[in-house]
Structures are given as structure tokens and as C-alpha cells.
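Scroll down for the structure; my scribbles are underneath it.
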Amino acid sequence: MTGFWRFCSAAVVSLALFVGGGAGAFAQEPERILVFAASSLKDVLEDAGAQFDQSHNTKTEFSFGGSQTITRHVVAGAPADVLVTADDAWMAYAVKNGVLVDDSVVELASNGLVLVGSEVQSAEAVELNAEALQSALADGRLAMGEPETVPAGRYGKEALTNLGLWENVARQVAPMENVRVALAAAARGEVPLALVYSSDAKVEHGVRVLAEIPQDSHRAIVIPGALTSGHSEASEGFMEFLKSAEGRKIFQAHGFKVSGD
């Protein structure tokens, strides 16, 4: 019997350790943070999320798309914790629809616009005048975000209009669902020119910058972020991280501008 009870005692201890370990493992389950963000922010936010998760018991996940698409999803009730758009117009739409925490909207960074062409095809620099643009385009298309709904497209149309160039290129514009699609088209050589964000050109090695669009030709390109009404507690920490000095450095490393630059 002694051996039997020793066996039982060992079994009870093992069970206690298993249960205790299971409870401990459950307690350590990472808290999920779901961020809905503009496609142009994919690289910088994934980098920020990975760094934040390293020092927190969190798992930051993302749903990327055009600013208009992700914002409409959040307004429709998508279970996002954080919303980050590529312009303030779509953030204002979310505010108007009451899906964000009051006074949580903050400007995280800003951006610029550039014309890019294929690196493989050795695209050459382009002067921002009608003749040079037409020569560069020839019979090809200018890829850019859809001018009426996509932030990069709206900024781009505004800039080209103020530079007196919109009427010259409007018929050759290839409107895209988001700016990353336009970027990819240029990288693959499907279009001779694409109008994208400065930060996009930095992460895509298949393109080269052919011209920088003057900052004063369009409204300031701001990157706002906010907490949604149903956000998790951990997402508050993630937003604070994005606003911190460490978060600002991540944005800068990805080609964005932050206040004080």
C-alpha cells in the first residue's frame, strides 16, 4: 500500500503543478490590440507594434486598407481598438459618427508627396512643368490614389492643380484604391509615373524619386490616430507609445516627419 499511496501523492502533486501552470499560462495570455490603419502606414506601424509587444504582454494586430475603407468599417462597428488614417478628413468623419473616445485624436506624424518611377527601368528625374510631365508619361498613365476619396489622391490633385498641371495629366490618371497600389504599379514598371507619399518611396526599393512635390502646393499631410469607443486597456498604452520619443523615432526611421523636425 505504501507504494500505492506514494504513487497517488505524486499524481496529486503533478496534477497541482499542471493546474497551477495552466492557470499561470492563462494569466499570461497576451492582450490583443487591433489597429485599423491606412495602407501607407503598414511598415511603420508593424515595426512599432513589434517593438511595443516586446516590452508588454500584448499582441498587436493590424487591418490595413484605404483610409476611407477602414474608417467606414469602424463606423459600421468593426472591433478595432485604434484607428490611424492618412488624413484628418476621414478621422473627422469617425469623430462625427461618434465612434472614437472624446479628445483622443492626436497627430502622430506628417508626410510629403513625390513622383516616382521604376528603378529597373532607370526612370529619370522630371521637372514639374507640363512639357516635362507629358514627355515622361508619353502614352502611359499616372498612377495615384483615387482623387475624390483616397487621401493621397486628394492631396495629389490639389498639388497638381495649384501647380497648374492637373488639366495636362487628368486624362492619363490611373486612379487606385490606395496609394500602395499606385506605388506597386510604378515598381513593376506598369506605369511610367506614380504620385505617392515620401514615406512610400523610402520603403519601396523598386522605385526612384523623380520629383518632390512642393509642400506649399497642398494642405499639410497629417497622420492622426485615436482610440475607438470600445478600445482595450492595452491599446491606451500602444497609443502612448506611438506618441512617445521612441515612437517618434520609429516614424522618422520610416520617412515620416514629426513635430520638431
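Note that the structure is predicted; figures quoted are calculated from it, not measured.
- The main-chain N or O of Leu227 is found under 3.5 Å from a side-chain atom of Ser104 such that the two form a donor-acceptor pair.
- The backbone N or O of Ile33 sits nowhere less than 3.5 Å from a side-chain atom of Ser232 that would complete a donor-acceptor pair.
- Judged by distance alone, with hydrogens and angles left aside, the side-chain atoms of His56 form a donor-acceptor pair with the main-chain N or O of Phe52 at under 3.5 Å.
- In this structure, Lys249 NZ and Ser244 OG are separated by 9.5 Å, a value rounded to the nearest 0.5 Å.
- Side chain of Arg32 to main chain of Lys59: no donor-acceptor pair is present (N/O by atom type, distance under 3.5 Å, no hydrogens or angles).
- With a 4.5 Å cut-off between side-chain heavy atoms of Ile, Leu, Val, Met, Phe, Trp and Tyr, the cluster of Leu34 takes in Phe36, Ile70, Val74, Val75, Leu83, Trp90, Met91, Tyr93, Val95, Val99, Leu100, Val105.
- Among pairs with a residue in residues 73-99, those fulfilling salt bridge (Lys or Arg N to Asp or Glu O under 4.0 Å) read Asp87-Arg154, at least two apart in sequence or across chains.
- Counted by atom type alone, Glu119 and His205 present zero donor-acceptor pairs between their side chains at under 3.5 Å.
- A donor-acceptor pair shorter than 3.5 Å can be found between the side chains of Asp53 and Thr58.
- The 12-atom threshold is not exceeded at CD of Glu127, counting heavy atoms of other residues, nucleotides or ligands nearer than 6.0 Å.
- With Arg208 contributing its side chain and Val116 its backbone, the two residues share no donor-acceptor pair below 3.5 Å.
- With hydrogens and angles left out, the side-chain atoms of Asp47 and His254 include a donor and acceptor closer than 3.5 Å.
- Thr69 contributes no side-chain N or O that, together with a main-chain N or O of Gly65, makes up a donor-acceptor pair within less than 3.5 Å.
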Worksheet item: For Phe64 and Arg180, what are the C-alpha separation, side-chain angles and deciding distance, and is it a side-chain contact (heavy atoms from CB on, under 4.5 Å)?
Response: CA-CA 11 Å; Phe64 294 105; Arg180 284 297 175 93; over 6 Å; no

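- For Gln215, the CD atom counts as densely surrounded, since its 6.0 Å shell holds more than 12 non-hydrogen atoms of other residues, nucleotides or ligands.
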